[in-house]
There are 2 protein chains.
Amino acid sequence: MLTEERHKYILDVLNSKGTIHIQEIVEVLNISESTVRRDLSLLEKENKLKRVHGGAALLQQKRTELSMNEKLLHNLPEKQRIGAYAAGLVKDGDCIFLDAGTTTYEMIKHLTAKDITVVTTGITHLELLSDKGIATYIIGGYVRSITKAVIGQTAREMLSKFRFDKTFLGVNGIHIDYGYTTPDPEEAAIKSLALKLGQHVYVLADESKFHEVTFSEIAPLEEATIITNINDPAIIKEFNSTTKIEMVVDK
Amino acid sequence: MLTEERHKYILDVLNSKGTIHIQEIVEVLNISESTVRRDLSLLEKENKLKRVHGGAALLQQKRTELSMNEKLLHNLPEKQRIGAYAAGLVKDGDCIFLDAGTTTYEMIKHLTAKDITVVTTGITHLELLSDKGIATYIIGGYVRSITKAVIGQTAREMLSKFRFDKTFLGVNGIHIDYGYTTPDPEEAAIKSLALKLGQHVYVLADESKFHEVTFSEIAPLEEATIITNINDPAIIKEFNSTTKIEMVVDK
DNA sequence: TCACAAATCAATCATTTTCTTTCATTTTCA
DNA sequence: TGAAAATGAAAGAAAATGATTGATTTGTGA
């Protein structure tokens, strides 16, 4: 049993259940408690999990989401740059999907294409969109209070009736193995659906999202183009091998 | 059973039900009362909940702030007074429809009933509603930029799947012969539909709306109860012959 | 309003479980 | 083969747990 395999098992269980017991690992992998403890210590040092008495848990950050307002303050200049770049991808007459979230919100301010139609699940986007005179459709459904996103079965049904020239998504995690992820399963389902309905799909992500994995999978990496401000050649190379990645030029 | 798992259970139940009993936790998780108490103390210290005698509750500042609807009624401007009065009609557990518009918006601030569900077409209402922790559904469809109301065929279809204990509408005209009217036919259609789906229907109207007629008919007078601050005996008598009219008392 | 019973609570302590550290053994790989 | 790394076992330390105590709060009925 390779160390890598053990680590993968531990992280897999964590990502699907949120917590893991030492005893469980000992029994399933048939290794000693000492080894498990060493593994957990190591993974903790790499910031992959948090050790707790009796086992381990996902990092707090990945389980609990920040509220919309808290998020907005985070990496704001980067988000604005990414938003502006993404807005430039929208052409006259396009019909686009705009995900809920702060980065896509920044996009709206920079939208200049004419005669575009925007479909969104982000209730914070609506006033700004319609004030700008953009033809706006809101997907109906339950309003999730933390993220101010519309979710639920009704929402998926309504969304599935649209087709988009371009889909713009926000995500919480981008990982070479686990793809795009977000904490809430319902939101992941919506994002995943919007992704399938878009001819071109873009994921907007500042650097804090890379190498992160959160609870719910949206799609594998290759199904979208990443738009980011990151300019670490190593990371770009790493992800470019699997998917397309467009950089916002840092001036 | 990991501490994290217990905490997750407690917070999950809290988020879905609002309160939790210690005994319930003891039985479900099969752990001692001591441990439960320790967990609750810890979570309270982390600001995740508030301990109450016998268990714990979600912490919500809103609970204490309001509840003084009555007092506020005196010195509020018209719309707020009407909104506050209407909010008082909403009882625990109600499922209500809230029309788009400024008067219905005022209602939200004064909503204090517990466990209510709100369905709305007013996109300006959404953030406030969900910030207050109210279960909120947005009707999907086209966002009309002037009134920030959701309209269209999709909206009517989605709306028609709901039933409401109470429907609260705003209108532009109230006339003894022409009934309730509003300028936009699409909005009229939505209002008319919401009216049919409500067990009790209330129209919120300040005095400027009386004797006015606008382009599109919503419904005849008798299909709703008017809530107004007007106190002209002549007008009250005139409309009372056809429908019910409730006055916000001016003290 | 009052008193009383029942329920809930905080504090304490013995017990159990888990953790860290250390060291001997096994495995890996040059 | 031999050094380095990984593993497992064990002992004492630390943490978590559950039971018990007496104090406090709550609800009930006079």
Side-chain angles (χ1 to χ4, degrees), chain A residues 1-64 177, chain B residues 1-68 91-93 112-115:
Chain A
M1 163 111 321
L2 255 44
T3 308
E4 291 298 312
E5 291 178 300
R6 295 198 309 269
H7 288 193
K8 181 168 184 334
Y9 170 77
I10 293 170
L11 293 176
D12 277 351
V13 172
L14 269 182
N15 273 317
S16 69
K17 293 197 199 155
T19 52
I20 191 166
H21 294 251
I22 288 198
Q23 279 314 311
E24 177 190 342
I25 308 175
V26 167
E27 285 164 25
V28 174
L29 301 186
N30 202 30
I31 52 180
S32 76
E33 218 176 279
S34 298
T35 303
V36 176
R37 291 187 193 290
R38 272 186 280 261
D39 284 344
L40 294 185
S41 299
L42 231 104
L43 288 169
E44 183 173 43
K45 208 173 283 172
E46 291 172 18
N47 256 320
K48 302 271 183 62
L49 51 75
K50 183 175 118 224
R51 290 191 71 182
V52 297
H53 203 86
L58 281 180
L59 291 175
Q60 192 66 20
Q61 173 200 350
K62 297 186 183 176
R63 275 184 309 157
T64 66
D177 295 325
Chain B
M1 165 111 323
L2 255 43
T3 309
E4 304 293 317
E5 295 175 312
R6 296 196 309 269
H7 289 191
K8 181 172 183 329
Y9 169 79
I10 293 170
L11 294 176
D12 279 354
V13 172
L14 269 182
N15 273 321
S16 68
K17 293 196 198 158
T19 56
I20 191 165
H21 292 259
I22 288 195
Q23 278 315 312
E24 177 190 344
I25 307 175
V26 167
E27 285 163 27
V28 174
L29 300 187
N30 202 30
I31 53 179
S32 75
E33 218 176 280
S34 299
T35 302
V36 176
R37 291 185 194 291
R38 271 186 282 258
D39 285 343
L40 294 185
S41 303
L42 235 112
L43 288 169
E44 183 172 43
K45 209 173 282 171
E46 291 172 17
N47 256 320
K48 303 269 182 64
L49 51 75
K50 183 169 133 254
R51 291 190 71 179
V52 296
H53 200 84
L58 281 179
L59 28 93
Q60 285 184 13
Q61 308 88 324
K62 321 137 206 171
R63 292 278 151 85
T64 48
E65 284 174 23
L66 303 171
S67 82
M68 36 188 180
K91 303 303 175 198
D92 290 359
T112 52
K114 310 221 185 296
D115 295 324

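Note: hydrogens, waters and symmetry copies are ignored here, and every other heavy atom, side chains too, is used. As the structure is a prediction and not an experimental result, all values here were calculated from the model. Residue numbers begin at 1 in each chain, while the letters A, B, ... track the order of the sequences.
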Query raised in the report: In terms of side-chain geometry, is the basic nitrogen of Lys8(B) or Glu4(B) positioned less than 4.0 Å from the acidic oxygen of its partner?
Result: no
Requested in this report: Kindly indicate whether the side chain of Ile10(A), heavy atoms from C-beta on, has any atom under 4.5 Å from the side chain of Lys48(A).
Outcome: no
Query raised in the report: Reckon Val36(A) touches a base, only the sugar-phosphate, or nothing at all at heavy-atom distances under 4.0 Å?
Result: nothing
Query - Atom pair CG (Leu49(B)) and OG1 (Thr19(B)), whose distance is rounded to the nearest 0.5 Å - result: 11.5 Å
Report task. Please determine, by modelled atom types, if Glu5(B) and His21(A) share a side-chain donor-acceptor pair under 3.5 angstrom. Result -> yes
Report task. Take the protein atom CG of Leu29(B) and the nucleotide atom C1' of dT17(D), then report the distance between them rounded to whole Å. Result -> 14 Å
Query raised in the report: Can you check whether Ser34(A) has a side-chain N or O nearer than 4.0 Å to OP1 or OP2 of dG8(D)?
Result: no
**Report entry** Glu4(A) CD to dA5(D) C1', straight-line distance once rounded to whole Å
**Finding:** 15 Å
Query raised in the report: Are any of Ser32(A)'s side-chain N or O atoms less than 4.0 Å away from OP1 or OP2 of dA9(D)?
Result: no
Report task. Measure the distance from CG on Leu42(B) to P on dT17(D) and round it to the nearest whole Å. Result -> 10 Å
Report task. Taking the side chain as every heavy atom from C-beta outward, state whether Leu42(B) and His7(B) have any pair of such atoms under 4.5 Å apart. Result -> yes
Requested in this report: Respond yes when some side-chain nitrogen or oxygen of Arg37(A) is under 4.0 Å from OP1 or OP2 of dA6(D), and no when none is.
Outcome: no
Query raised in the report: Between dA10(C) and Arg51(B), is there an OP1 or OP2 to side-chain N/O distance shorter than 4.0 Å?
Result: yes
Query raised in the report: Met1(B) has an atom CE; how far is it from atom C1' of dT17(C), in whole Å?
Result: 15 Å
Query - Rounded distance (Å) that lies between atom C1' of dT18(C) and atom CZ of Arg38(A) - result: 16 Å
Report summary line: Separation of dA14(D) atom P from His53(A) atom NE2, nearest Å, is 13 Å
**Report entry** Euclidean distance, atom NZ of residue Lys45(B) to atom P of dA10(C) [Å, nearest integer]
**Finding:** 11 Å
Report summary line: Whichever of Gly54(A) and Ile22(B) has the more 5' nearest nucleotide on DNA chain C, that residue is Ile22(B)
Query - Gln23(B) CD to dA6(C) P, straight-line distance once rounded to whole Å - result: 16 Å
Report task. Would you classify Val26(B) as touching base, sugar-phosphate or nothing, given that sugar-phosphate means primed atoms plus P, OP1 and OP2, and contacts are heavy atoms under 4.0 Å? Result -> nothing
Query raised in the report: Which one, dC9(C), dG8(D), dT17(D), comes nearest to the side chain of Glu33(B)?
Result: dC9(C)
